[in-house]
Amino acid sequence: MSLATPEAILMHINILKELVEAGNGRAAMQLAEVHFAILLSEEEDKMALLTSIKSPSEYHQIAFKHLTQEAMSGDGEAMHDLAVYFQVGRGGAPTDMEKCIEWNENALAAGYYFAANDLYTTYTTSPSHLNPERAKEMAEILRSHNCAVVELP
């Protein structure tokens, strides 16, 4: 049983749509996730809400466009989100690990230290991007922010 009523979900959807119209990339990402959550809920009273929103792939394309603009203006979190889009090939972005790393490095330089986690994982597990020294730096950044680091081989 879900605690969110269809009315509450619709209100949330409408707020996110307004934010998307204003150019907010993360709001578009959230609308894609709302679509998936409604589908997964399989609750009949919520399925009708799907007619009020676009498909997840459409919202991911919108998100990619807005996140690119936000990243270009210096938003570190948007830079990290773009890195994820390049990592998985979402929203019209090609799968491109070089761009993924570049955007995560930019996010880190912009002060978004959560990007250090993705960089640490890449530098310790990606055969074509192994970089033990840079991985150590990422681990130190994470520790300096009180984040646990699982040492990878």
Side-chain angles (χ1 to χ4, degrees), residues 4 8-41 46 49-50 52-153:
I9 294 170
L10 185 59
M11 184 174 71
H12 184 73
I13 287 170
N14 288 332
I15 291 168
L16 289 173
K17 286 168 113 176
E18 287 178 25
L19 290 169
V20 170
E21 288 298 316
N24 187 308
R26 282 180 289 289
M29 289 172 57
Q30 287 180 10
L31 276 168
E33 297 307 314
V34 166
H35 192 285
F36 283 127
I38 292 170
L39 283 176
L40 291 175
S41 76
K46 295 181 181 141
L49 295 172
L50 293 177
S52 68
I53 56 178
K54 298 175 184 181
S55 73
S57 63
E58 288 177 274
Y59 279 119
H60 281 304
Q61 288 175 359
I62 293 167
F64 181 71
K65 178 183 125 192
H66 291 322
L67 290 169
T68 300
Q69 293 169 343
E70 293 166 18
M72 297 302 277
S73 69
D75 183 325
E77 187 175 359
M79 292 173 190
H80 177 256
D81 291 336
L82 271 184
V84 172
Y85 273 58
F86 282 110
Q87 181 179 16
V88 299
R90 178 181 283 163
T95 302
D96 186 332
M97 280 307 291
E98 300 304 322
K99 286 188 186 251
C100 172
I101 292 168
E102 178 185 341
W103 279 113
N104 269 323
E105 289 284 1
N106 290 342
L108 184 61
Y112 192 74
Y113 75 88
F114 294 107
N117 185 63
D118 291 359
L119 289 166
Y120 175 79
T121 302
T122 299
Y123 293 142
T124 57
T125 63
S126 176
S128 58
H129 297 94
L130 294 178
N131 187 333
E133 288 305 311
R134 192 69 176 134
K136 277 185 187 177
E137 293 172 20
M138 296 302 107
E140 287 307 313
I141 289 168
L142 291 166
R143 286 186 191 101
S144 74
H145 287 89
N146 298 317
C147 296
V149 177
V150 176
E151 296 292 333
L152 300 173

> Under 3.5 Å, is there a donor-acceptor pair between the side chain of Lys46 and the main chain of Ala4?
Replying inline: yes
>> Run the side-chain contact (heavy atoms from CB on, under 4.5 Å) test on His66 and Gln69 for me, step by step, so that the C-alpha distance in whole Å, both residues' side-chain angles and the decisive distance to 0.1 Å come before the verdict.
In response: CA-CA 5 Å; His66 291 322; Gln69 293 169 343; 3.7 Å; yes
> Going from CZ on Arg143 to NZ on Lys136, what distance comes out if it is rounded to the nearest 0.5 angstrom?
Replying inline: 10.5 Å
> Which atom names give the shortest non-hydrogen contact between Gln87 and Thr95, and what distance separates them?
Replying inline: O-CG2, 3.5 Å
> What are the two closest heavy atoms between Ala135 and Thr124, and how far apart are they?
Replying inline: CB-CG2, 3.4 Å
> Excluding sequence neighbours, so at least two apart, what forms side chain to side chain contact (heavy atoms under 4.5 Å, CB included) with Val88?
Replying inline: Arg90
>> Can you give me the closest heavy-atom contact between Leu67 and Ala78, atom names plus distance?
In response: O-CB, 3.8 Å
>> Please check this pair: side chain of His80 against backbone of Gly76, looking for a donor-acceptor N/O pair closer than 3.5 Å.
In response: no
>> If you apply the rule side-chain contact (heavy atoms from CB on, under 4.5 Å), what do you find for Tyr113 with Cys147, and how did you get there?
In response: CA-CA 10 Å; Tyr113 75 88; Cys147 296; 3.8 Å; yes
> Quick one: CZ on Phe36 to OG on Ser41, what's the gap to the nearest 0.5 Å?
Replying inline: 13.5 Å
>> Please report the interatomic distance CD1(Ile15) to CG(Leu31), rounded to the nearest 0.5 Å.
In response: 11.0 Å
> Parallel, tilted or perpendicular: which describes the rings of Phe64 and Tyr85, with under 30° parallel and over 60° perpendicular?
Replying inline: parallel
>> Please give me the minimum heavy-atom distance between Ile9 and Leu49, naming the atom from each residue.
In response: CG2-CD1, 3.5 Å
> Which distance, rounded to the nearest 0.5 Å, do you find between the CG of Leu130 and the OG1 of Thr122?
Replying inline: 10.0 Å
> Rounded to the nearest 0.5 Å, how far apart are NZ of Lys54 and NE2 of His35?
Replying inline: 12.0 Å
>> Any non-hydrogen side-chain atom of Val84 less than 4.5 Å from a side-chain atom of Asp118?
In response: yes
> With a 4.5 Å limit on heavy-atom distance, are the side chains of Ile53 and Tyr59 in contact?
Replying inline: yes
> In terms of heavy-atom contacts, does CE of Met11 have more than 12 from other residues, nucleotides or ligands at under 6.0 Å?
Replying inline: no
> Do you know which two heavy atoms are closest between Leu82 and Ala71, and how far apart they sit?
Replying inline: CD1-CB, 3.6 Å
>> Nearest 0.5 Å, please: how far is CD in Glu77 from CD in Glu70?
In response: 9.0 Å
Please set out all donor-acceptor pairs under 3.5 angstrom arising from side-chain atoms of residues 101-108, sequence neighbours excluded.
unit_1: Glu105; atom_1: OE1; unit_2: Arg134; atom_2: NH2; d: 2.4
unit_1: Glu105; atom_1: OE2; unit_2: Tyr123; atom_2: OH; d: 2.6
unit_1: Glu105; atom_1: OE2; unit_2: Arg134; atom_2: NE; d: 3.1
unit_1: Glu105; atom_1: OE2; unit_2: Arg134; atom_2: NH2; d: 3.4
unit_1: Asn106; atom_1: ND2; unit_2: Glu102; atom_2: O; d: 3.3

